[in-house]
Each structure stands twice: as structure tokens, then as C-alpha cells.
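These notes are about the structure you will find just below.
Everything quoted here is computed from the prediction, not taken from an experiment. Chain letters run A, B, ... following the sequence lines, proteins first, then strands; residues in each count from 1. These values consider heavy atoms only, across backbone and side chains, with no hydrogens, waters or symmetry-generated copies.
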Protein chains: 2
Amino acid sequence: MPPIITAFESSPDRGRGQARDMRVRWALEEVGQPYGVRLVSFSEMKEPGHRALHPFGQIPTYEEGDLALFETGAIVLHVAERHAGLLPDAAHARARAIAWMFAALNTVEPPIVEREMAFYLERDRIWHRERMPILEQRIRVRLEELSTRLGDGPWLDGAFSAGDLLMVTVLRRLAGSPVLEAYPNLVAYVARGEARPAFERAFAAQLAVFTASSGL
Amino acid sequence: MPPIITAFESSPDRGRGQARDMRVRWALEEVGQPYGVRLVSFSEMKEPGHRALHPFGQIPTYEEGDLALFETGAIVLHVAERHAGLLPDAAHARARAIAWMFAALNTVEPPIVEREMAFYLERDRIWHRERMPILEQRIRVRLEELSTRLGDGPWLDGAFSAGDLLMVTVLRRLAGSPVLEAYPNLVAYVARGEARPAFERAFAAQLAVFTASSGL
């Protein structure tokens with residue numbers, strides 16, 4: 001039985017691959033692991049049935065036999081540990097790739113999420129316009145550091161890894177934004193990730209869900 | 001040679017164990033691994049020498065022979081993978097403990113950090129007072145969910161794990177706050193973590209650095 005992941009029945013990103021199931025789909029495609037998808041609505045996500053799988057009522061979840069996992073980073077790491085293709089074999093390189101996974105989710109993504117949260121929660125407040133430069137400056141600090149470390153390299157540390165997979169999906173949240181476009185090597189890095197056949201298959205799969213749900 | 005971690009030469013939390021080296025110290029104490037500490041100043045952290053170890057110019061870092069790691073979550077996981085005491089032996093329970101590590105850092109901690117960031121970056125702005133309830137409500141949503149999942153259990157999933165270690169340190173950022181105190185089972189959970197001998201040793205070690213640096 002292939003693992004089953006959950007995804008939005010109707011993704012708020014309209015199929016742009018910004019929902020976190022994209023990260024798990026991409027990881028599974030990279031390692032060639034078939035998977036099933038169970039779609040959940042926003043109201044179902046908050047009900048006890050789904051919360052038994054995901055205490056915070058979110059997607060994706062991952063079910064494989066008796067195992068139920070939540071948290072995208074943990075799911076991607078689980079996939080990467082069990083299949084070749086997402087983590088180096090050498091112990092030190094493997095530990096560094098995992099450090100980039102945490103860096104993507106815990107250092108680079110939070111200020112990016114904050115800018116989105118400000119839009120969702122505070123865009124009608126009088127202070128919203130004045131706060132945006134503060135929020136963008138916090139993102140810029142991280143992108144500057146990331147850009148410096150990446151330099152001219154294709155990936156963050158040697159071969160493509162689960163660290164790059166998560167970092168590319170984090171940076172994609174800024175797609176088209178001048179904040180990202182100020183760093184051409186990061187733009188090229190994202191494009192390099194998006195050009196991978198596994199990314200393309202994962203992207204097409206999540207887009208197909210949105211297309212079907214919207215009746216397009 | 002024991003591993004060497006970095007910590008603040010003069011911690012802004014005045015020895016309350018809120019800096020992230022506390023998490024690594026606690027993990028190393030839980031598994032009985034001796035370690036050395038190299039103290040760095042705020043200006044040193046942003047210089048190329050330190051950035052070679054930590055691209056984002058932060059603490060802690062972890063050096064062990066040829067291996068250099070950054071990101072607290074990755075360091076704690078590295079320690080947990082190499083020594084008994086922080087991850088269950090059974091594969092499924094191990095994967096779930098890792099899910100709680102990511103949940104602590106990626107789901108529960110970000111809104112808590114935001115409240116702190118608002119204080120540091122925006123407390124002089126006219127909107128600060130009006131934003132606080134928005135920020136606290138975001139924290140409350142996560143604590144409510146966490147409290148429900150924890151229930152009457154001592155730890156999040158069976159025995160104490162690296163997931164609990166990180167979650168307790170994340171919740172400690174709210175120590176003394178009414179936001180946390182509304183959830184007695186979470187307060188008791190934090191106290192249970194703080195009562196562990198390994199926590200106490202780690203806490204004393206980081207406090208000794210502050211005491212020495214401040215000439216107290």
C-alpha cells in the first residue's frame with residue numbers, strides 16, 4: 001500500500017503549488033515513491049477525525065500502514081531517510097543537509113510567513129502600509145545571508161538534497177516579489193528547483209486537484 | 001575531543017536559559033555527552049569567521065571533528081541520533097518524536113517569536129498596543145491545540161523525547177505570561193521538563209556564563 005497524504009480540497013493558492021502538500025509530493029516524486037491523496041475541506045481539517053492525525057488541524061498528513069505523521073519537515077525527512085535521492089550517504093553531508101531543512105523552515109520561512117499573515121490579518125488596519133517595510137527588511141536580511149552562502153553554487157551544499165527541496169519551496173512563496181528578485185542567484189536557484197522533473201510532476205498533480213475542484 | 005558549541009558571551013536574557021544554546025546543552029546533558037563552549041560576542045557572530053559556521057550569524061553552532069552544524073533543531077537531532085535517550089528505538093515512535101521537534105520549531109514557536117519581535121521592533125509605534133491581542137490570539141490557537149493533544153499525559157507521545165525537549169524550551173519563552181498560564185497542563189508540562197536533572201545541569205551551566213560575564 002502506498003502512503004496516503006492529505007491536501008486541500010480547494011487550495012487557497014489556486015494551484016500555484018504554495019500549499020505544503022507540494023513539498024511532500026515533490027519529495028515522493030524525487031525518490032520515485034507512488035502515493036495516494038485524500039482531499040480535505042477547511043471544515044474537515046478542524047474536526048476530531050483529522051486532528052487525530054494532525055493536532056494543529058492542518059495539511060499535509062502522511063499515513064503509511066500503522067504510521068501517521070504530521071509536519072511537512074518531518075514527513076520529508078521520513079521519506080528522505082527511507083529512500084535514496086534526498087540525503088547524501090556520507091554522515092557529515094547528511095547532517096548538513098538536515099541543517100538546511102531546519103534552516104529553511106525555522107530561519108528563512110518565518111519572516112516570509114509573517115508578511116503573508118500581515119496581509120491576511122491586518123491589511124484593513126491603518127498601520128498595515130507602514131509595517132510592510134519592517135516586514136520586508138526582516139526577509140531581506142535572511143535572503144542576503146542565504147544569497148551570500150549560495151554564491152554561484154547550484155545547490156546549498158553539494159548535490160541537491162531535501163534541504164534544497166524545502167528551501168526552494170520556501171523561496172517560492174516570494175515568487176514575483178521584488179524582495180526576491182533583488183537576488184538573481186536565488187531566483188536562478190528557485191528556477192533550478194522548479195526545472196527538476198520531480199518538481200514538475202508534483203506541480204502538475206496538485207494543479208490537477210485545483211483544476212478539477214474549480215471546474216476549470 | 002568533545003563537541004564544541006557556541007553561546008552568547010553576554011546573553012540578552014540575563015541567564016534565564018532562553019537563548020538557543022540552552023536547547024543543545026540540555027540535549028547533550030540528557031545523553032551524558034560532555035561538551036565545550038566557545039563564547040561569541042554579538043559583533044563576532046556577524047563576522048565571516050562565525051558565518052562560515054553559521055550562515056545566518058547566530059548561535060548555537062556545533063563542531064565535532066570535521067563536522068560543523070548550525071540550526072538548533074538539526075543539532076539536537078544529530079545528538080539524538082548518535083546517543084540513546086532522546087528518541088525512541090521503535091521506528092514509528094521515532095518518526096513521531098521527530099514530528100514533534102518540527103512542530104515545536106515550525107508551528108508553535110513562530111507566533112511566540114512574533115510577539116517578542118513586535119516588542120523589539122515595534123514597541124514605540126502607535127499600533128503596538130492594538131496589535132498585541134492579535135499576536136496573543138495566534139499563540140492561543142496553538143496552545144489550545146497543544147493542550148488538547150497533551151491532555152493528562154506527562155509527555156507528548158509516550159516517553160520523554162527530543163520533541164518534548166524542544167517543545168518545553170519553546171513554551172518557556174512564555175514563562176509567567178497569562179497566555180501560557182491559561183493552560184495548567186502546559187504549565188505542568190514545562191515544570192516537568194525543568195525538573196529533569198539534565199535540564200537543571202544545562203540551566204546552571206548557561207547561568208554561570210551570564211553570572212561571570214556580568215561580574216555578579
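In terms of heavy-atom proximity, A:Asn106 sits nearest to B:Leu105 at OD1-O, 2.6 Å. Across every non-hydrogen atom of A:Ala74 and B:Ala99, the tightest pair is CB-CA, 3.4 Å. Closest non-hydrogen pair, B:Arg142 versus A:Phe56, comes out as NH1-O, 3.7 Å. Minimum interatomic distance between A:His78 and B:Ala95 (heavy atoms only, all atoms of both residues): ND1-CB, 4.0 Å.
Looking at A:Arg125, its side chain never comes within 3.5 Å of a backbone N or O of B:Arg131 through a donor-acceptor pair. Looking only at distances, no side-chain donor or acceptor of A:Arg51 sits under 3.5 Å from a matching main-chain atom of B:Arg149.
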message: side chain to side chain contact (heavy atoms under 4.5 Å, CB included) for A:Arg94 and B:Glu81? Distances and angles first, verdict last.
response: CA-CA 12 Å; A:Arg94 179 182 177 282; B:Glu81 283 183 328; 3.3 Å; yes
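At a threshold of 4.0 Å, the pair B:Glu71-A:Arg96 does not count as salt-bridged, since none of the basic side-chain nitrogens sits closer than that to a carboxylate oxygen.
The aromatic ring centroids of B:Phe70 and A:Phe102 lie 6.0 Å or more from each other.
With a threshold of 4.5 angstrom between heavy atoms, A:Leu69 approaches chain B through side-chain atoms but not through N, CA, C or O. For B:Glu122, the part lying under 4.5 angstrom from a heavy atom of chain A is the side chain only. For B:Ala93, no part sits under 4.5 Å from any heavy atom of chain A, backbone or side chain. With a 4.5 Å cut-off on non-hydrogen atoms, B:Val108 touches chain A through its side chain but not through its backbone. The parts of B:Ile98 that come within reach of chain A are both its backbone and its side chain, each placing non-hydrogen atoms under 4.5 angstrom from that chain. Proximity to chain B (any heavy atom under 4.5 Å) is shown, for A:Ile75, by neither the backbone nor the side chain.
The candidate from A:Glu144, A:Met101, A:Glu64, A:Arg138 with the greatest count of non-hydrogen atom pairs under 4.5 Å with chain B is A:Arg138. Annotation: maximal heavy-atom pairing with chain A below 4.5 Å, among B:Gly57, B:Gly73, B:Ala91, occurs at B:Gly73. Note: A:Ala103 leads A:Pro110, A:Ala52, A:Ala68, A:Ala103 in heavy-atom pairs under 4.5 Å with chain B. The most heavy-atom pairs under 4.5 Å with chain A, out of B:Leu77, B:Thr107, B:Thr72, come from B:Thr107.
Within the model, atoms CG of B:Leu121 and CD of A:Gln137 stand 10.0 Å from one another, a figure rounded to the nearest 0.5 Å. Between B:Glu130 atom CD and A:Ile126 atom CD1 the span is 6.5 Å, to the nearest 0.5 Å. Put simply, CE on B:Met117 and CD1 on A:Ile134 are 10.0 Å apart, with the number rounded to the nearest 0.5 Å.
Surrounding CZ of B:Arg123 are more than 12 heavy atoms belonging to other residues, nucleotides or ligands, all under 6.0 Å away.
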